[in-house]
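Chain identifiers are assigned alphabetically (A, B, ...) following the order of the sequence lines, protein sequences preceding nucleic acid strands; residue numbering begins at 1 within each chain. All figures in this text were calculated on a predicted structure; none of them were measured in a lab.
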Amino acid sequence: MARYAPAEIEPKWQRAWDAAGAFVAAPDPAREKYYVLEMFPYPSGRIHIGHVRNYTMGDVVARYKRAQGFNVLHPMGWDAFGMPAENAAMASGGHPKDWTYGNIAQMRDQMKPMGLSIDWSREFATCDPEYYGQQQALFLDFLEKGLVYRKAAVVNWDPVDMTVLANEQVIDGKGWRSGAAVERRELVQWFFRISDYSEELLDALDTLDDWPAKVKTMQANWIGRSRGLQFAFSMVEEAEGHDRIEVYTTRPDTLLGASFVAVSPDHPLARALERHDDGIAAFNAECRRMGTSEEELETAEKKGYDTGLKVRHPFDTSWELPVWIANFILMDYGTGAIFGCPAHDPRDLDFARKYDLPVISTFAPVEDDGQPLAEDGGPAFVPPKSERVIYIRGFAGETEQTGEEAVEAAIRFCEDNGVGQGVTKYRLRDWGLSRQRYWGCPIPVVHCDDCGVVPEKKENLPVTLPYDEDGAPIDFSVPGNPLDRHPSWARTECPACGKPARRETDTMDTFVDSSWYYARFTAPRAEAPTDPEETPYWMNVDQYIGGIEHAILHLLYSRFFARAMHICGHLPESAKEPFEALFTQGMVTHAIYQTTDAEGRPVYHFPDAVENRDGRMVLRDTGEEVEVVPSAKMSKSKKNVVDPDTIIRQYGADTVRWFVLSDSPPERDVEWTAAGAEAAHRHLSRVYRIVSEIAEKPAEEGAPAADEALLREMHKTIHEVTGGVESFGFNAAIARLYAFTNTLAKSEAGGAAKRQAAAALAQLMSPMTPHLAEELWATLGHEGLILDAPWPVADAAMLVEDEITLPVQINGKRRGEITVPRDLGKEEVEKAALESEPVARALDGGAPKKVIVVPGRIVNVVL
RNA sequence: GCGGGCGUGGUGGAACGGUAGACACAAGCGACUUAAAAUCGCUAGGGCGCAUCGCCCGUGCGGGUUCGAGUCCCGCCGCCCGCACCA
């Protein structure tokens, strides 16, 4: 008998699918469509086993939906702009364009053998001028609708490399390449008005029924709606033209616990003061040496500087509070100034203890009869706002009330007394899209001395990136932005007046590229961003699959973009929420094998260099024992990577696909182990052997009981695997398929029933192991592709058993079981349970206190 | 620091609030074989006992709700993701 030979059957069936044009999608109004999309990859050069898992999951969905009769769209492309290409050009020469397209070619070659049901005719890269030209057209439309504007914003500036740094390039306040201390610099940059949509983006989360709750929670917290009071402290003495400091607080009920006022180092008052005060100038300069990321501000040691200025408390003009500059106040949020209430905010409490400022509690726990907590070295008291507390320094509402009630009462009180207004604010900031880099989509505007900022004419799009400079490919080893220093690229004429003018040399954030690619896939060659005929048919994405790391930014930006594209007429109203269902998958991890060198530093070893000798993991060459760190994120530097290419060559694509789906639930991480891959391969070989044997034998009737038992199992398996695939329970579906394979192997049924069961097995496996499934289908003598066979449907009558076994508990612990007819009444079940041997013995003639019968589930006897 | 998630045998994991450990890996024993590979079968959370049957313990730690908790609630610990210029 022939052996399972994936190296032969996989290319064979891939050719058959290609010849049939099976995956080329075309709109068909007569059929219901289904759009499956996996987050497209960055072309780093090699596909990663994590990609394999991601695309396999999408492929299972695509193939399953296809078998159910849907017109499936399953495209693939490349998120191809971004810093790694420029970094590579700087590090080892070459050009970002060549590097990127070379990587794309390699990765496409690696992906093709996986047998994914992708419509490759729709492939594009975001760095194709045909794509980014349409993105520039979108930008111009957004500009016209007032969805983009310019304002000044701070960036990380590396004074040695003369370049803007990303947050990840700032390490301990220093540039990653130059090591120079990073400065904050202000540049005028473009922003999308996403914050205008805060309320809508927040409220619409409720309509996303098929998104994970955790993603919706994360987005809701990120948008951060808050209700608070905005008011001003008047200054005791005017300074630098400021006679008041405007603050925003979400806890106006703690106003009588105020102990200081603090402003951001970037607050206008702080900036004015630093001009005449060396101490403040030095403090602000120190604050500005920190990176711009919120994380860094929040984790840095809390520091402040007393300006010596004082403000008056709004309720008591004789109560004066000091004004500090503090490094943890964000200029971007609220008004860039706060009042500190140390008793009810851990940060303020740290600050107050450090600088010896008063701590005044305004409320206290109910259970301690209103004893304040923070005064004597205790922690800040910050209960949930829904919890009732006792106000010891309240001024509005009841003495005992919840924080929410108190905040509303305080806002009403303040408004009635002319101290500020209640306002709703959002944490979400506008999206800065300007990047001072080469490898991105050029922002299509022109700066004219006479006309100012002028949009490029649409007929002049795309504004393409220059490849060379004075005839030679651009040299990235020279510091600075190549677009900025290019001798001719930026020189153009003003689209308005025709005079010589200069192009914008900033490019767009790569998040812009990925905020609409899902729409472009519906009409990838259209002469406009989308196509009014094709786009409405395919939109929305029915199932989107990707990593949890994109839970906030990418998904929020895409939701904003879909709205903006709708406003500009590029998407229908119904596409404002472009992703109907979202699934976030886990990572693929792998053990790290490490030894230590003479200095005690870790030395990492590739999995190939390690072998198992009598249960100990040792280096193949030296026999030295290695330490095994399980389930670590794959990383080249730790050498715990596996190359999908190698594995596919060794075992075939179906084995890899089967393995990455089995064992671990898709939303969780899965650990790649050689033994697991080996086992997956053994199983597929076994299925091949079992089905081949069945195909060779005559299709005759068997013993009725054996035939029925096998077919019952088959229908159960169809039911459970279908449910598993529907609910992303791929691991559970695979476990069921293992069990069914065992049943089939041991079955005494006749050839006819076995052929039927084997065909069902092939079909149920076809989304996961499509090549093997085609081979088995043909082996069993079926005409045509299994790809085109309709998904099997379980016969409901075959799923129901006549008798069921119920566990019997005594006091909640399992003590036995009873087998009863399926629809036996509650009383009879109770009777049977009480008569069962363990219960009768425990009761010893007595009566139970209580009997709980959960029909079809369990009986619990309480003694 | 803030927001979100996860934690179950030697390992990956299963389990609508209802028999904890399905299914697999690794391991051990056996069959087949001259032998090996492949294949097939069996054992298997820990402990105890008057051992074909029964008891106790057990889902990161400590409490709680419930007839019943891996699952729900509160408080810890550890790890992972995000924090707006990484993609």
Side-chain angles (χ1 to χ4, degrees), chain A residues 3 39 41-42 44 79 81-84 153 155-156 164-170 189 194 212-215 217-222 224 291-300 302 328 332 346-347 350 427-437 509-511 513-514 547-554 556-557 584 586-587 589 612 615 630-631 633 662-665 667-671 673 675-676 678-680 682-683 685-686 689 729 731-732 734-739 742 745 805-809 811-817 838 849-852 854 856-862:
Chain A
R3 283 177 57 101
M39 291 179 186
Y42 179 80
S44 56
D79 188 13
F81 274 136
M83 298 205 303
V155 295
N156 301 308
V164 176
L165 297 177
N167 284 334
E168 67 156 15
Q169 297 175 318
V170 180
Q189 309 194 58
I194 188 172
K214 63 179 170 185
V215 174
T217 308
M218 282 192 261
Q219 291 218 352
N221 290 339
W222 183 262
T292 55
S293 80
E294 195 167 300
E295 182 185 5
E296 204 175 333
L297 295 182
E298 294 272 336
T299 50
K302 307 288 173 278
F328 59 93
D332 290 317
R347 281 188 311 189
D350 281 354
R427 204 185 75 99
L428 180 63
R429 312 201 288 255
D430 277 337
W431 169 13
L433 68 120
S434 302
R435 297 290 182 270
Q436 296 68 39
R437 301 186 204 291
D509 178 11
T510 56
F511 271 124
D513 313 335
S514 56
I548 187 69
E549 66 272 22
H550 296 293
I552 297 176
L553 292 180
H554 161 63
L556 192 61
Y557 290 160
T584 54
M587 294 182 300
T589 61
N612 184 340
S631 302
K633 181 157 91 173
S662 58
D663 283 1
S664 224
E667 68 275 15
R668 256 201 265 175
D669 296 348
V670 65
E671 174 150 5
T673 61
E678 182 68 47
R682 266 205 313 270
H683 177 73
S685 306
R686 180 164 180 249
R689 198 173 57 244
N731 57 324
I734 284 184
R736 198 68 191 77
L737 288 166
Y738 268 106
N742 289 336
T805 299
L806 294 181
V808 176
Q809 294 182 332
N811 290 337
K813 286 186 199 297
R814 182 181 177 276
R815 285 294 181 259
E817 57 187 35
K849 229 183 245 164
K850 193 172 174 185
V851 181
I852 293 131
V854 183
R857 302 295 308 188
I858 204 164
V859 182
N860 188 11
V861 180
V862 185

* Asked: Is there a side-chain polar atom (N or O) of N167(A) under 4.0 Å from OP1 or OP2 of rC83(B)?
  -> no
* Asked: Under the salt bridge (Lys or Arg N to Asp or Glu O under 4.0 Å) test, which residues partner R857(A), sequence neighbours left out?
  -> none
* Just wondering, do V215(A) and I548(A) contact through their side chains at under 4.5 Å, heavy atoms? -> yes
* To do: Syn or anti for rG17(B), please, going by whether the chi angle lies within 90° of 0.
  => anti
* **Contact under 4.0 Å: T510(A) side-chain N or O vs rA87(B) OP1/OP2** => yes
Every protein N/O within reach of nucleotides 17-24 of chain B N/O, cut-off under 3.5 Å:
| unit_1 | atom_1 | unit_2 | atom_2 | d |
| --- | --- | --- | --- | --- |
| rG18(B) | N2 | Q809(A) | OE1 | 3.3 |
| rG18(B) | N2 | N860(A) | ND2 | 3.4 |
| rU19(B) | O2 | R814(A) | NE | 2.6 |
| rU19(B) | O2 | R814(A) | NH2 | 3.2 |
| rA24(B) | OP1 | N742(A) | ND2 | 2.9 |

* Using the test ring-ring contact (aromatic ring centres under 6.0 Å, His included), find all partners of W431(A) that sit at least two apart in sequence or belong to another chain. => F192(A), Y557(A), F561(A)
* Asked: rC85(B) phosphate, OP1 or OP2: any side-chain N/O from R435(A) under 4.0 angstrom?
  -> yes
* Asked: What residues form a ring-ring contact (aromatic ring centres under 6.0 Å, His included) with H683(A), not counting sequence neighbours?
  -> W658(A), Y738(A)
* Given Watson-Crick or G-U pairs with both distances under 3.5 Å, what dot-bracket string fits RNA chain B, with | for other-strand pairs and [ ] for crossing? -> (((((((..(((.....[....))).(((((.......))))).(((((...)))))..(((((..]....))))))))))))....
* Structure fact -> Sequence neighbours excluded, the answer for salt bridge (Lys or Arg N to Asp or Glu O under 4.0 Å) partners of R682(A) is none
* **Candidates rA87(B), rG4(B), rC67(B) - which lies nearest the side chain of V862(A)** => rC67(B)
